[in-house]
Amino acid sequence: MNIETILVKEISQTLQQLYGEIPGMKVSLEKTKSTFEGDFTLVVFPYVRYSKVSPEETAKQIGEVLCEITEIFSSYNVIKGFLNLGISNNLWLSYFNQFDANSTNFLKGQKIMIEYSSPNTNKPLHLGHIRNNLLGYSLSQIMRANGADVTMANLINDRGIHICKSMLAWQRFGNGETPESANIKGDHLVGEYYVVFENQLVNATSDDIELAYEGKWHTADNATNERYQELVKRLSEAEEDKQIAKIKGLIKDLVRNQSELMQACQEMLRKWEAGDEEVLKLWNTMNSWVYEGFDSTYKNLGVSFDKFYYESNTYSLGKDIVQEGLENGVFFKRSDNSVWIDLSDEGLDEKLVQRGDGTSVYITQDMGTAELKYQDFNIARSIYVVGNEQDYHFKVLFLIMKKLGRPYAKGMYHASYGMVDLPSGKMKSREGTVVDADDLLNEMYNTSKSKTEELGKTQGMEDSELDILCRRLSLAALKFFILKVDAKKRMLFNPEESIDFHGDTGPFAMYTYTRIKSILRQERPKNNKSDNIELNATEVEVIKTLSEYSQVLKNAAEEYNPSGLCQYTLDLAKSFNRLYNELSILKEADSSKKEFRLLLAQKTANTLSHSMGLLGIEMVERM
RNA sequence: GACCUCGUAGCUCAGCUGGAUAGAGCAACUGCCUUCUAAGCAGUAGGUCAUAGGUUCGAAUCCUAUCGGGGUCGCCA
């Protein structure tokens with residue numbers, strides 16, 4: 001049982017005894033600020049209207065009665081309307097004796113699917129994916145620790161025009177190159193051909209695009225010419241810079257789409273959809289390269305999946321649902337045969353759910369996949385870890401599923417997270433300012449190695465132990481740095497700070513853990529409980545922090561946000577470090593005090609390890 | 001233009017459903033290794049919580065407006 005629940009129960013009873021039934025009463029207890037005396041604070045303002053005396057007097061009345069329960073409360077003081085309560089030594093001790101960094105069960109047995117990562121197969125993973133992966137993995141662990149039955153899923157976007165670009169470029173310029181022959185990771189190799197394609201396309205079309213801006217471009221295709229002339233007209237009339245840029249962008253796309261390269265690419269996509277053997281073979285080969293590359297990145301990052309979905313299998317799902325929606329009037333059809341839903345009642349607009357030619361769009365596929373997930377796993381909740389630029393998309397998706405009467409619609413949730421910025425600004429793949437995931441991991445490994453060597457910590461360490469240390473240390477720094485920030489918020493990724501090992505960092509928490517482990521290697525606690533000890537303030541502080549763990553764990557799950565766990569881990573490490581510095585453990589003369597501190601150290605280490613584990617961070621025994 | 005979101009110390013971030021004198025870390029400056037790992041601890045300095053109103057015993061937190069950053073409003077995914 002949580003210590004606060006015990007206190008709240010006693011306080012409610014006391015309030016009732018003093019002032020009778022208070023309608024809608026809710027006792028909110030807070031930690032006493034460190035500048036005041038006491039452990040917990042009750043704000044008495046809400047009760048003044050029942051006590052009919054001043055706030056100070058009310059607080060005194062309550063405090064007086066509470067302190068008669070000596071086994072729980074030891075002292076009280078009143079400042080203005082705040083009743084600061086001291087908790088008795090024995091309550092702390094008995095709480096401490098039963099404390100264990102255990103999982104909670106408020107989601108007991110609930111079937112939850114968490115979809116995350118969801119990469120495209122034409123490029124290697126980058127920093128943005130890293131935030132996604134770390135959040136997704138950590139959320140899964142957090143949900144599990146709260147008792148949920150979690151399936152971690154990855155929906156891989158393995159089809160579409162972008163894959164064809166890499167394929168076509170490889171076909172034309174690859175000379176049969178393979179990851180082995182080039183000695184490059186498969187995902188990077190495919191990514192390189194994607195870049196080759198883009199460069200070739202720029203070379204082939206840049207002159208035409210310039211001409212097109214001046215209105216001097218034409219093509220064989222009449223429909224395109226018409227559209228182009230219309231755009232030229234709009235361009236000449238446009239005044240705002242933003243508008244001009246937008247129209248120019250449309251013209252650019254038009255010209256590019258008419259190029260031989262893009263035409264060949266479109267042709268390839270058509271062949272793919274038609275099941276052309278040769279195209280499929282190439283597609284399979286290049287995908288297998290990419291998957292091998294992704295696997296290694298996922299492994300290095302320490303994330304994993306229980307279930308993979310592939311868009312090549314799911315993109316046509318959802319058409320049955322479109323049909324169903326048409327039949328029961330949720331969707332409607334336009335004259336060009338395209339299918340729409342009207343969401344203006346909900347403050348949104350009309351949204352296309354199927355193209356005029358019967359092919360599916362992004363949301364059609366998502367409707368199908370949502371249904372598939374439910375059929376496969378009978379999940380109660382379906383969580384999507386996807387960036388906040390897709391807030392609107394998911395709002396629409398969930399609304400559609402609700403309107404279609406899907407019972408699982410209410411369990412769908414978009415765990416939306418903010419973008420990652422660099423000190424130089426936004427990451428833009430076109431400008432080469434993307435931070436590659438593999439590069440980043442390598443760099444962090446090397447830095448942690450040189451720092452470890454600098455500190456002279458490598459003495460007496462086997463190479464294999466050093467390797468594990470550097471790996472885990474660098475991941476601790478990276479993961480903690482990213483997960484520390486509120487998931488919903490946009491964050492700045494400063495590479496130098498991310499690899500810092502001092503202050504509010506993962507390595508700091510890890511270091512605290514190893515110091516405890518070092519003590520426990522020399523002596524372990526003999527019992528699993530302590531009695532009859534006079535606790536001092538630093539010790540109480542650690543117990544108090546430990547007691548908050550289950551609530552923090554629950555909050556992290558409820559808010560789909562691991563950052564509270566990071567903050568908590570730091571608090572716990574700091575409070576223990578203070579104790580470590582102020583009090584001796586192994587050299588404590590009083591054997592029962594020593595025993596207690598050993599036990600306290602052990603429980604602290606367990607809790608640190610547990611919470612870091614939920615962040616996807618593995619501890620080491622020495623560093 | 002409409003909608004969403006953010007704005008807290010020089011920098012990066014906490015601050016839960018409103019509570020006391022707004023907290024950490026980094027950077028700067030002081031101390032502490034003959035004592036369980038100094039990747040640590042203790043301390044100094046640093047704030048008009050974007051601005052203006054409002055709600056009330058009480059607002060960084062809730063409401064409104066304004067300013068500023070970002071995002072979305074594709075028959076891309």
Side-chain angles (χ1 to χ4, degrees), chain A residues 26 28 30 32-36 41 43-46 48 55 79-82 84 118 120 157 159-162 250 253 311 315 336 338-340 347-349 351-357 359-363 365-366 387-393 395 416 418-419 421 423 426 448 451-452 454-455 457 473 477 481 484-486 488-494 496-498 500-505 507-512 514-523 551-552 555 558-559 563-564 566-567 570-571 573-574 577-588 597-598 601 622-623:
Chain A
K26 160 171 97 181
S28 68
E30 316 164 13
T32 301
K33 299 211 168 188
S34 55
T35 38
F36 300 97
T41 299
V43 182
V44 303
F45 290 107
V48 171
I79 297 166
K80 292 194 269 182
F82 300 91
N84 298 322
S118 306
N120 289 350
N157 181 8
R159 66 170 283 277
I161 197 80
H162 49 281
L250 291 171
D253 283 348
E311 285 194 14
Y315 77 101
D336 67 349
S338 58
V339 182
W340 296 72
L348 308 175
D349 46 14
K351 184 88 186 167
L352 177 101
V353 295
Q354 187 172 292
R355 292 194 189 99
D357 62 4
T359 57
S360 44
V361 290
Y362 182 32
I363 204 150
Q365 170 214 298
D366 266 3
N388 64 9
E389 77 256 348
Q390 293 195 36
D391 284 356
Y392 183 74
H393 170 78
K395 205 170 163 185
S416 165
M419 297 291 102
D421 276 331
K426 264 185 88 166
S448 66
K451 288 199 178 185
T452 302
E454 242 171 66
L455 284 171
K457 302 247 180 190
L473 192 56
F481 185 80
K484 192 174 62 165
V485 182
D486 186 335
K488 289 186 286 298
K489 289 192 185 169
R490 185 181 194 87
M491 73 168 287
L492 184 89
F493 185 87
N494 185 330
E496 281 157 35
E497 285 174 23
S498 69
D500 203 343
F501 295 166
H502 303 272
D504 285 356
T505 64
F508 165 82
M510 210 159 146
Y511 181 65
T512 307
T514 57
R515 293 213 291 198
I516 295 175
K517 283 298 182 176
S518 170
I519 291 173
L520 293 175
R521 273 194 296 273
Q522 294 170 62
E523 190 167 346
Q551 189 57 44
V552 170
N555 278 352
E558 280 173 336
E559 286 160 27
S563 74
C566 293
Q567 227 60 47
L570 291 173
D571 281 350
K574 280 180 200 171
N577 278 338
R578 197 170 308 130
L579 183 142
Y580 183 94
N581 233 260
E582 283 177 18
L583 305 169
S584 185
I585 296 175
L586 292 173
K587 294 199 173 70
E588 170 58 47
R597 284 180 198 160
L598 283 170
R622 65 183 92 216
M623 65 188 273

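Bear in mind that the values here come from a model prediction, so they are computed numbers and not experimental data. Chain identifiers are assigned alphabetically (A, B, ...) following the order of the sequence lines, protein sequences preceding nucleic acid strands; residue numbering begins at 1 within each chain.
- Formation of a donor-acceptor pair under 3.5 Å by the A/Thr505 side chain with backbone atoms of A/Ala477 is not found in this model.
- Separation of the P atoms belonging to B/G7 and B/C62 is 10 Å when rounded to the nearest angstrom.
- Here CD of A/Glu558 is found 7.5 Å from CD of A/Gln551. Values are rounded to the nearest 0.5 Å.
- Nucleic acid contact class of A/Thr452 (heavy atoms, under 4.0 Å, all strands): base.
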Strictly under 3.5 Å: I want the nitrogen or oxygen pairs between protein and nucleotides 75-77 of chain B, one per line.
unit_1, atom_1, unit_2, atom_2, d
B/C75, O3', A/Arg355, NE, 3.4
B/C75, N4, A/Asp336, OD2, 2.7
B/C76, OP2, A/Arg355, NH2, 3.0
B/A77, OP1, A/Arg355, NH2, 3.4
B/A77, OP2, A/Tyr362, N, 3.2
B/A77, O3', A/Glu311, OE1, 2.7
B/A77, O3', A/Glu311, OE2, 3.3
B/A77, O2', A/Asn157, ND2, 2.7

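- Within the nucleic acid shown, A/Tyr392 comes within 4.0 Å of sugar-phosphate atoms alone, with no base atom in reach, counting heavy atoms only.
- Rounding to the nearest 0.5 angstrom, the gap separating the NZ atom in A/Lys484 from the CG atom in A/Leu570 is 7.0 Å.
- Residue A/Thr514 is in base contact, counting any heavy-atom pair closer than 4.0 Å across all strands shown.
- Residues A/Asn157 and A/His162 form a side-chain contact, since some pair of their non-hydrogen atoms from C-beta on lies under 4.5 Å apart.
- Side-chain contact check for A/Phe82 versus A/Glu30: every heavy-atom pair is 4.5 Å or farther apart.
- A/Tyr511 meets the ring-ring contact (aromatic ring centres under 6.0 Å, His included) test with no other residue; sequence neighbours excluded.
- The distance from the CD1 atom of A/Ile585 to the CD1 atom of A/Ile516 is 7.5 Å, given to the nearest 0.5 Å.
- Following rounding to the nearest Å, A/Asn388 (CG) and B/C3 (P) show an atom-to-atom distance of 19 Å.
- For A/Asn577 and A/Arg515, the side-chain atoms include at least one donor-acceptor pair closer than 3.5 Å.
- When the C1' atom is used for both B/G18 and B/C57, the distance is 12 Å, rounded to whole Å.
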Produce the list of close N/O pairs, under 3.5 Å, pairing protein atoms with atoms of nucleotides 6-15 of chain B; give distances to one decimal.
unit_1, atom_1, unit_2, atom_2, d
B/C13, OP1, A/Leu492, N, 2.7
B/A14, OP1, A/Asp486, N, 2.7
B/A14, OP2, A/Lys489, NZ, 3.3

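- Counting to the nearest Å, the C1' atom of B/G40 and the CG atom of A/Leu455 are 12 Å from each other.
- The residue A/Leu583 sits close to a base: some heavy atom pair falls under 4.0 Å.
- Relative to the side chain of A/Asp504, the nucleotides B/A38, B/C73, B/G25 differ in distance, and B/G25 lies closest.
- With its glycosidic angle within 90° of 0, B/C33 adopts the syn conformation.
- No side-chain heavy atom of A/Glu588 sits under 4.5 Å from any side-chain heavy atom of A/Leu583.
- On the C1' atoms, B/G31 is 34 Å away from B/U48, given to the nearest whole Å.
- Remark: the A/Lys457 side chain and the B/A39 base include a donor-acceptor N/O pair separated by less than 3.5 Å.
- Residues A/Met623 and A/Phe501 have side chains not in contact (no heavy-atom distance under 4.5 Å, counting atoms from C-beta outward).
- Rounded to an integer number of Å, the gap from A/Asp349 CG to B/A2 C1' is 10 Å.
- Residues A/Pro507 and A/Leu473 share a closest heavy-atom pair of CB-CD1, 3.8 Å.
- Taking the side chain as every heavy atom from C-beta outward, A/Thr41 and A/Phe36 never approach each other to under 4.5 Å.
- A/Leu473 comes within 4.0 angstrom of a base, heavy atoms only.
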Might you list the N or O atoms of the protein lying below 3.5 Å from N or O atoms in nucleotides 18-20 of chain B, with each pair's distance?
unit_1, atom_1, unit_2, atom_2, d
B/A20, OP2, A/Lys33, NZ, 2.9
B/A20, N6, A/Thr41, OG1, 2.7
B/A20, N6, A/Asn84, OD1, 2.9
B/A20, N1, A/Asn84, OD1, 3.2
B/A20, N1, A/Asn84, ND2, 3.3

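- We find that CG of A/Asp391 is positioned 17 Å from P of B/G70, with the value rounded to whole Å.
- Here the straight-line distance linking atom NZ of A/Lys574 with atom CG of A/Asp504 works out to 4.0 Å at 0.5 Å rounding.
- A gap of 25 Å separates the C1' atoms of B/U30 and B/U21, to the nearest Å.
- One atom, NZ of A/Lys451, and another, P of B/A38, lie 18 Å apart when rounded to the nearest Å.
- Computed from coordinates, the A/Lys351 NZ to B/C3 P distance equals 18 Å when rounded to whole Å.
- At the heavy-atom level, A/Glu523 lies nowhere under 4.0 Å from the strands shown.
- Between B/U55 and B/C63, the distance separating the two C1' atoms is 7 Å to the nearest Å.
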Query raised in the report: Given the rule that a pair is Watson-Crick or G-U wobble with both distances under 3.5 Å, how would you write RNA chain B in dot-bracket, using | for pairs to a different strand?
Result: (((((((..((((.....[...)))).(((((.......))))).....(((((..]....))))))))))))....
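- The separation of B/U51 from B/G10, taken at their P atoms, amounts to 13 Å, rounded to a whole angstrom.
- Looking at heavy atoms from C-beta onward, A/Val353 lies out of side-chain contact with A/Trp340 at the 4.5 angstrom threshold.
- In this structure, NE2 on A/His393 lies 12.5 Å from OG on A/Ser416, to the nearest 0.5 angstrom.
- Rounded to whole Å, the distance from NZ on A/Lys488 to C1' on B/U5 is 12 Å.
- A donor-acceptor pair under 3.5 Å is absent between the side-chain atoms of A/Ser518 and the main chain of A/Thr514, judged by distance alone.
- Between A/Met510 atom CE and B/A38 atom C1' there is a gap of 18 Å when expressed in whole angstrom units.
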Close N or O pairs between protein and nucleotides 41-43 of chain B (under 3.5 Å):
unit_1, atom_1, unit_2, atom_2, d
B/C41, OP1, A/Asn577, ND2, 3.4
B/C41, O4', A/Asn581, ND2, 3.3
B/C41, O2', A/Asn581, OD1, 3.4
B/A42, OP1, A/Arg578, NE, 2.8

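- Under the 3.5 Å distance criterion, the side-chain polar atoms of A/Arg597 are matched with a main-chain donor or acceptor of A/Ser584.
- With both ends at atom P, the span from B/A42 to B/C33 equals 16 Å, rounded to whole Å.
- Separating the OH atom in A/Tyr392 from the CG atom in A/Leu348 is a distance of 5.0 Å, to the nearest 0.5 Å.
- Taking atom C1' on both nucleotides, B/C76 is separated from B/G15 by 40 Å, rounded to a whole Å.
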